[in-house]
Every structure is written in C-alpha cells, then in structure tokens.
Visitor: 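Got a structure here, written out as structure tokens. Questions coming.
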Amino acid sequence: MSKPLTVTLPDGSRRSLPPGSSAMDLAATLGRRLAADAVAAAVDGQLVDLSRPLPDGATVAIVTADSDEGRAVLRHSTAHVLAQAVCALWPGARYALGPAIADGFYYDFELPDGARFSDDDLVRIEAEMRRIIAEDQPFTREELDPEQARALFADQPYKREVIDAVTAGDPSAPPEAAADAQAGERLSVYRNGSAFVDLCRGPHVPSTGRLGHFALQRVAGAYWRGDEHRPQLQRVYGTAWESAEALQAHLDRLAEAERRDHRRLGQELDLFSFPAEVGPGLVLFHPRGGTVRRLMEEDARRTHERAGYHMVYSPHVTKQDLFARSGHLETFAESMYPPMELDEGQRYYLKPMNCPFHILVYRSRQRSYRELPLRLFELGTVYRYEKSGVVHGLTRVRGMTQDDAHVFCTREQMAGELEGILRLALGTLRDYGLADFYVELSTRPEGKALGTDQEWEEATAALAAAASAVGLETVLDEGGGAFYGPKVSVQVRDAIGRHWQVSTVQLDFQLPRRFELEYVGPDNARHRPVMIHRALFGSVERFLGILLEHTAGHLPTWLAPVQAAVLPVRDDHQGYAERVHSTLAGAGIRVELDPATEPLGARIRRRRLERVPYVLVVGQQDQEAGTVGVNRRGVEQPERDVPLDRLLDELVEEGLR
RNA sequence: GCCUGGGUAGCUCAGCCGGUAGAGCAGCGCACUCGUAAUGCGCAGGUCAGGGGUUCGAGUCCCCUCCCAGGCUCCA
C-alpha cells in the first residue's frame with residue numbers, strides 16, 4: 001500500500017488522492033461540471049494531459065475549454081483531427097505543422113502528385129472531421145526515442161526534419177509543433193484512431209468527442225518553415241471554440257469586420273475607388289471622399305500651425321544624389337519606384353520620403369539657436385513600390401500623403417519636443433473619436449542600424465521618457481526601429497478590438513550628420529541639431545481607412561461628407577425645404593435637398609444608409625411653425641417640431657470646426 | 001515577389017456536359033404627392049478583365065498578361 005498523494009490547488013487548498021491518480025481523477029472529485037469542461041491540466045505550471053498521473057506535492061490547476069490555454073489545447077487537438085481527415089481522404093498526404101493560433105488553428109500539407117485543395121474539399125474534409133469526432137476516439141500519448149520516431153515517420157519528410165531539428169537542439173526548430181525534447185531525449189507522439197499518429201508535445205483533449213465547435217475557413221499557400229526558398233505547402237485554416245455560442249460569436253465578429261471593411265464602405269458610400277486602369281495601391285478620391293480628405297487636411301494644417309509648425313512644400317521627384325546622400329538608396333531602394341533617366345543620364349526618383357527636402361529647407365541658410373526648435377510640416381505625397389501581394393485598400397498603398405513633419409532642435413530641447421509631439425498626437429486622435437491607445441517603443445534593429453551604441457541608448461531613453469510622461473501604457477518592440485533611429489508609435493485599438501499603428505515619432509542623429517546640419521549657438525560656435533521625424537495620422541489615406549472601420553462609416557459629424565439632408569414631405573413643401581436648406585448651407589453646413597419625387601420612406605432609407613448624421617423631414621406643420629422633424633443618426637425615433645434655430649445651433653456646434 | 005482562388009451590366013451575383021447572356025438593386029422615362037428604413041409600370045444597360053489558342057461553335061477548355069481576394073514572405 002503506497003501513500004496517498006497530495007496536491008495543491010490554485011486557491012492554496014490541498015487534496016489527497018489515491019496513488020496514481022490523474023488530473024482527470026482530481027477534476028472528478030472537484031465537481032462533475034469541472035470534469036466535463038476539463039481539457040488539460042497545468043501541473044506546476046506545465047500543461048499536461050488529463051490522463052497523466054499526478055506527482056506527489058504538485059500544484060495542479062484544471063484547465064477548462066473556456067480559458068485561453070484551454071482553447072489552445074482544443075484548437076491544437078482539432079488540428080490533429082484535420083490532419084487525420086486529410087490523410088484519410090488523400091492517402092499518401094504528407095503533413096507538416098499544425099499549431100493553434102489566435103482564434104483558431106491551421107495545418108500544412110503536401111498532397112500526393114501535387115494535388116491542391118479546393119473549396120469543395122474543405123466541405124469534404126469537414127465532414128470527415130465530424131465523423132472522427134463522432135467516434136469519440138481517445139488521444140493517446142507515447143514516448144519514443146529518436147530512432148523509433150524516424151522509423152515511424154519514414155514516409156513523412158517534414159516530420160523527420162522536425163525530429164532532426166529537435167534532437168539536434170536546433171534553436172530554429174519550429175516551436176509550435178516540436179516535441180518537447182532535448183538532444184538525445186525521448187520524443188512524444190499522439191495517436192487517435194487506428195491509423196493516425198502525429199509527432200507532438202501535447203497536451204490534447206482526452207478524446208475527439210470533446211471537439212466539434214469548429215469551422216474550416218480557407219486554404220492558402222505557405223512556405224515550409226516560412227522560408228520562400230523552401231517548398232510551398234497547402235495550408236488549411238480553421239477556427240475552433242469551446243461552445244456553439246462562442247463559435248457563433250466569433251463568426252459574428254468576422255461578419256462585423258467584413259461589414260466594416262473600409263474598401264466595401266468606400267464603395268458603398270461613394271468615397272474612393274482603386275481603378276485597375278490606374279494601378280495597384282493607387283487611390284482615386286471621389287467627391288465625397290475628397291470632402292472628407294480635404295477636411296482632414298485642413299484640420300491638420302490648422303492644428304499644426306497652432307502648435308508652432310511652418311507649412312512647407314516639396315516636389316514629387318528629385319535627383320538621385322539627394323537620396324544617395326540621405327542613405328535611402330542603400331537602405332530603401334527596394335521600396336522605391338525605378339528611376340527616370342532625364343537630361344543626359346541624370347536620374348530622377350519619385351520620392352518615398354519627405355525628410356531630405358525638409359533638411360534642404362533647413363540648410364537653405366545659416367540657422368541660429370534662437371530659431372530652434374524649427375518645425376517644418378508638409379502634407380507630403382510619397383510613392384513606394386510595395387510588393388504586389390501586400391497592397392491592401394487604403395491601409396497599404398503605393399501612393400500616399402503623409403502628415404509629415406521634421407523638427408530640428410538642440411539635444412536639450414529633445415525631451416520637451418518629444419513629449420509635445422506625443423501630446424499633439426493624442427489630442428488629434430481624440431478629435432477623431434479614437435480613445436483607446438498604447439505606445440510601442442521600437443528599439444535598435446539587428447544589423448542594418450547606423451550610429452553608435454551611445455547615441456541609440458540616449459535616443460531610446462528620451463523616447464521612453466516622453467512616452468511615460470504622457471502616461472500611456474508602453475509596449476517594447478525589440479529591434480523594430482528604423483535604421484537611423486529608435487521609434488515611438490501610438491497604437492490605436494478600434495471599436496472591434498483590432499489595433500493599428502498610427503502616429504510615429506522617430507529620433508534621428510544620422511541625417512543631420514550626413515547633411516552636415518548646423519546651427520550657431522549662444523557660444524558663437526557651430527553645433528549639430530537633432531532631427532525628429534513624426535507623423536500623426538501616419539498617412540491620410542490609411543488613417544481614413546482605419547477611421548472608417550472604427551466608425552463603421554459613421555464618421556464624426558464634422559467629417560461627414562453630407563451632414564444633413566432636407567426632405568419635403570410633398571411637392572408643396574418644396575419652397576419651405578429650400579429655405580431650410582439655404583439657412584443651413586448659409587451657416588456652412590454641408591446639406592442636400594431631396595425633392596418629393598419618390599416616397600418619403602424611400603428617401604429616408606437612402607439617407608440613413610448613407611450615414612447622413614441629420615435627416616430632416618419638413619411637412620405642413622413644420623412649414624406653418626418654422627420647425628423641422630429631425631432624424632439623428634443612431635437614434636431610432638425621430639424628434640418632431642424642432643425649431644429651426646435650435647437645430648441650426650446643434651448642427652453648428654457639432655458639425656463645424 | 002511566391003501560392004491558391006477569383007474577375008459575367010454601375011453594384012451584388014446566377015449561368016449544368018462547349019450551342020451564342022440572366023436576376024435583384026442602382027440608372028433613365030412615365031405615373032404616383034406620400035409625416036419616418038424599399039410606390040408601380042416600362043426602358044435601357046455586356047468586347048463575359050485583356051490577348052492568343054483548341055473547336056463547326058468558347059463566358060464555359062488550354063496558354064500568356066493585367067487586376068482583385070486570402071495567405072506566405074516583406075513592412076524603412
């Protein structure tokens with residue numbers, strides 16, 4: 001008779017169990033519900049199968065499917081079932097890696113004879129997976145030494161490569177599916193059903209019957225181990241959840257993101273388009289989108305002038321020498337449009353950045369310390385030759401306009417300038433209705449960075465200080481800085497929880513040196529200024545895209561291309577409608593009139609779908625009383641008999657800047 | 001750049017085994033004059049992304065190019 005074993009639960013209490021008890025046994029003593037929801041256990045912080053015998057004295061937490069860890073186990077187990085199904089349907093298929101990822105899982109395959117998956121195949125695979133799940137096959141763990149594992153996976157070259165990498169202690173071994181083994185140690189495999197076995201660290205759910213709330217989503221090509229020189233495999237993506245409700249909620253979130261897609265809204269609201277005739281990543285702004293953009297740009301100019309910036313302009317093309325001197329041709333050439341040959345071999349480039357021009361403005365004459373900080377601002381249109389596979393709507397384009405500025409200052413002024421810029425950025429973002437931010441601090445990149453360690457440290461510290469001064473949560477992005485300096489960026493969380501990089505602030509000691517910038521100090525000696533690159537929107541186009549997705553097209557009233565529509569109930573109210581229209585238009589409101597050529601309900605519907613903030617209905621009573629019926633965006637019930645003066649005040653207050 | 005899947009009317013999409021193009025919405029015309037999310041009838045609208053090939057015949061099959069989507073790689 002061996003002694004009972006004792007384990008500690010997460011709340012600090014202890015339990016005694018018969019010797020050899022597993023986590024599943026423990027869960028059963030804690031409650032039937034818990035046992036039913038359990039998918040794995042955390043033993044001393046290590047995730048293991050529920051069936052694993054518990055060591056005496058361990059701290060044990062039961063992991064349920066509705067936790068992040070539990071969902072990861074669920075998803076990984078579902079990925080195994082996916083591979084099992086594919087192997088059943090395509091005998092001879094090779095399977096590579098199949099980890100859990102955010103919201104789901106994937107598995108990479110190489111099918112016999114170069115076969116490929118189609119959408120119909122997804123349906124077949126899913127049916128086979130449901131069959132496997134219905135059989136409630138147990139997942140069983142086995143441990144093998146490397147030689148046994150190689151023999152077991154003799155026909156699976158990708159698995160053998162993983163075994164070799166893991167047993168060799170290769171640090172580049174794929175962590176997502178690697179067996180948790182050191183060189184020379186045993187490897188674990190998991191079996192379920194009679195035919196399927198996969199190299200895997202685990203843990204897994206006890207049996208396939210625990211799975212089922214999943215959906216296969218799409219197929220995609222993916223390079224083996226992310227290397228574009230290696231074979232490209234067929235990847236199947238899916239999502240899996242702990243319950244039908246959680247799965248449905250996720251699918252609803254995806255549908256909501258689809259409805260908010262700025263490319264779709266851009267078309268529906270007639271804001272912009274990307275005609276094939278123009279080229280990928282190149283935007284055409286229509287009148288309404290043009291209005292929004294004009295308002296954003298006017299607002300940006302006003303804000304920057306108030307903050308002590310000077311407006312400058314620079315050309316779209318320039319000679320090669322300028323970008324050679326700035327270093328862009330060395331470090332950025334891949335993203336530049338090819339040059340034009342002009343004037344007996346002189347090469348001109350489309351500009352991918354504005355900074356060299358602003359530097360030349362600075363350098364156009366001698367500068368005194370009394371002029372610093374000198375802040376030069378430009379809505380600068382730049383062109384970048386983004387790879388064809390990466391352009392995406394307004395958020396990744398080949399031609400864009402940055403709200404770009406360069407601040408030239410002394411080292412002493414640097415900290416104050418950085419903090420001021422961050423405050424300006426946050427104020428601007430709040431004006432657009434964005435409220436949930438954090439700051440990301442990007443440090444020195446590997447390899448390609450210019451400058452001394454000491455400069456990088458000083459610059460990074462200055463940025464960190466500014467970030468903490470504005471009181472925002474800061475996340476470190478190791479090695480994410482530009483080649484010429486570290487970066488602080490403001491990340492925005494949008495209405496459906498995604499985050500986007502918007503404002504960026506970069507410190508630069510390099511360009512002032514390359515261009516030999518100077519100012520004359522109070523000591524009458526020449527000094528080198530520091531340069532700060534910064535953009536608040538990032539690019540106007542991209543920011544508009546983010547804003548459209550965040551607001552689902554309900555731009556703040558001050559940005560709405562049409563702020564109000566006036567709808568006469570019948571033809572004989574047309575005269576009064578025209579007076580309402582001209583009153584609002586005269587006050588600077590963007591207002592349109594919809595004559596009574598179709599039923600009122602149809603006109604209201606159209607304007608609501610257009611997201612017009614104020615839909616104004618005027619009829620007999622209004623005409624007699626000098627009032628309007630007001631439909632406010634987002635409000636179901638209209639408000640009747642609103643005096644025109646009162647409405648005008650409201651519109652001016654909300655709609656004008 | 002790579003992989004896969006796409007491109008049919010302004011938009012969303014149907015179009016079977018190759019037999020010569022269809023719907024809804026939008027547009028235009030006429031009628032309707034209406035108090036809160038789609039009035040009715042009619043008309044027009046197409047180089048089926050572009051080019052080449054196979055075929056008696058191609059939206060449909062094959063090849064090339066362009067563009068789009070989702071991934072992969074990249075993202076100063």
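Residue numbers start from 1 in every chain, and the chains themselves are labelled A, B, ... in the order their sequence lines are given, proteins ahead of strands. Please read these numbers as outputs of a predicted model, since none were measured by experiment.
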Visitor: What is the pairing partner of C13(B), taking Watson-Crick or G-U wobble pairs with both distances under 3.5 Å in any strand?
Guide: G22(B)

Visitor: Among A37(B), U4(B), C34(B), which nucleotide sits nearest the side chain of Ala596(A)?
Guide: C34(B)

Visitor: Within 45° of the ring axis of Trp500(A) and under 6.0 Å from its six-membered ring centre, is that where the NZ or CZ of Arg493(A) lies?
Guide: no

Visitor: Using the P atom on both, measure G7(B) against A49(B) and round to a whole Å.
Guide: 7 Å

Visitor: Categorize Arg396(A) for me: base, sugar-phosphate, or nothing, with a 4.0 angstrom heavy-atom threshold over every strand shown.
Guide: base

Visitor: Any strand counts, and the cut-off is 3.5 Å on both contacts for Watson-Crick or G-U wobble. Which nucleotide pairs with A58(B)?
Guide: none

Visitor: Nearest to the side chain of Val569(A) - A69(B), G35(B), U73(B)?
Guide: G35(B)

Visitor: My understanding is that a pair needs two contacts under 3.5 Å, Watson-Crick or G-U wobble. By that rule, which nucleotide pairs with G27(B)?
Guide: C43(B)

Visitor: Please set out all donor-acceptor pairs under 3.5 angstrom arising from side-chain atoms of residues 93-104 of chain A, sequence neighbours excluded.
Guide:
| residue | atom | partner | partner atom | Å |
| --- | --- | --- | --- | --- |
| Arg94(A) | NH1 | Glu110(A) | OE1 | 3.2 |
| Tyr95(A) | OH | Val197(A) | O | 2.7 |

Visitor: Measuring only the C1' atom in each nucleotide, how far is G35(B) from C30(B)? A whole number of Å is fine.
Guide: 26 Å

Visitor: Nearest to the side chain of Arg640(A) - U33(B), U73(B), U36(B)?
Guide: U36(B)

Visitor: Look at the side chain of Glu598(A) and decide which nucleotide, out of U36(B), U39(B), G70(B), has an atom nearest to it.
Guide: U39(B)

Visitor: With sequence neighbours left out, which residue pairs that include part of residues 625-638 of chain A fulfil the salt bridge (Lys or Arg N to Asp or Glu O under 4.0 Å) condition?
Guide: Arg632(A)-Glu639(A), Arg632(A)-Glu650(A)

Visitor: Please write out each protein N/O paired with an N/O of nucleotides 9-13 of chain B under 3.5 Å, distance rounded to 0.1 Å.
Guide:
| residue | atom | partner | partner atom | Å |
| --- | --- | --- | --- | --- |
| C11(B) | O3' | Gln267(A) | NE2 | 2.8 |

Visitor: Taking NE2 in His499(A) as the centre, count heavy atoms belonging to other residues, nucleotides or ligands within less than 6.0 Å. Is the count above 12?
Guide: no

Visitor: Using a strict heavy-atom distance below 4.0 Å, which residues from residues 610-622 of chain A are in contact with RNA chain B?
Guide: Val617(A), Gly619(A), Gln620(A), Gln621(A), Asp622(A)

Visitor: Classify Pro599(A) by what it touches in the nucleic acid, base, sugar-phosphate, or nothing, heavy-atom distance under 4.0 Å.
Guide: base

Visitor: How is Arg264(A) classified with respect to the nucleic acid when contacts are heavy atoms under 4.0 Å: base, sugar-phosphate, or nothing?
Guide: nothing

Visitor: Syn or anti for C17(B), taking syn as within 90° of 0?
Guide: syn

Visitor: Answer yes or no: does atom OH of Tyr385(A) have more than 12 heavy-atom neighbours from other residues, nucleotides or ligands under 6.0 Å?
Guide: no

Visitor: Expressed as a whole number of Å, how far does the C1' atom of G59(B) sit from that of G19(B)?
Guide: 13 Å

Visitor: Between the side-chain atoms of Arg235(A) and the base atoms of C72(B), is any donor-acceptor pair under 3.5 Å?
Guide: no

Visitor: Can His358(A) and Ser314(A) be counted as having a side-chain donor-acceptor contact under 3.5 angstrom?
Guide: no

Visitor: Check every strand shown and say whether Gln217(A) touches a base, only sugar-phosphate, or nothing at a heavy-atom separation below 4.0 Å.
Guide: nothing

Visitor: Go through G35(B), G1(B), C72(B) for me and flag the one nearest to the Leu600(A) side chain.
Guide: G35(B)

Visitor: I'd like to know whether Arg444(A) forms a salt bridge (charged side-chain N to carboxylate O under 4.0 Å, His left out) with Asp453(A), so could you lay out the CA-CA distance, the side-chain angles of the two residues, the decisive distance to 0.1 Å, and finally the verdict.
Guide: CA-CA 9 Å; Arg444(A) 182 174 189 159; Asp453(A) 291 351; 2.7 Å; yes

Visitor: If you pin Arg570(A) and Phe274(A) to their nearest nucleotides in RNA chain B, which one's is more 5'?
Guide: Arg570(A)

Visitor: Which residues satisfy the side-chain hydrogen bond (donor to acceptor under 3.5 Å, both in side chains) test with Thr583(A), sequence neighbours excluded?
Guide: none

Visitor: Name the nucleic acid region contacted by Leu567(A), choosing base, sugar-phosphate or nothing; use a 4.0 angstrom heavy-atom cut-off, strictly under.
Guide: nothing

Visitor: Are the charged groups of Arg288(A) and Glu592(A) less than 4.0 angstrom apart, N to O?
Guide: yes

Visitor: Are Arg259(A) and Glu256(A) ion-paired here, with the side-chain N under 4.0 Å from a carboxylate O?
Guide: yes

Visitor: For Tyr349(A) and Phe323(A), take the angle between the two ring planes, folded into 0 to 90°, and tell me which bin it lands in: parallel under 30, tilted 30 to 60, perpendicular over 60.
Guide: perpendicular

Visitor: Any donor-acceptor pair under 3.5 Å joining the side chain of Tyr223(A) to the base of G1(B)?
Guide: yes

Visitor: Reckon His328(A) touches a base, only the sugar-phosphate, or nothing at all at heavy-atom distances under 4.0 Å?
Guide: nothing

Visitor: Classify the nucleic acid contact of Gly601(A) as base, sugar-phosphate or nothing, counting any heavy atom under 4.0 Å across all strands shown.
Guide: sugar-phosphate

Visitor: Assuming nearest nucleotide by heavy-atom distance, tell me which of Arg603(A) and Ala220(A) is located more 5' along RNA chain B.
Guide: Arg603(A)

Visitor: Using the P atom as the reference point in each nucleotide, state the distance between C61(B) and U73(B) in Å, no decimals.
Guide: 33 Å

Visitor: What residue among Tyr107(A), Tyr106(A), Phe105(A), Phe214(A) forms ring pair (Phe, Tyr, Trp, His ring centres under 6.0 Å) with Tyr237(A)?
Guide: Tyr106(A)

Visitor: Will you find, in the side chains of Trp224(A) and Asp108(A), an N or O donor that is under 3.5 Å from an N or O acceptor?
Guide: no

Visitor: Of all of residues 250-257 of chain A, which get a heavy atom below 4.0 angstrom from RNA chain B, listed by number?
Guide: none

Visitor: Only pairs with both distances under 3.5 Å count, Watson-Crick or wobble alike; so what is the partner of C48(B) in this structure?
Guide: none

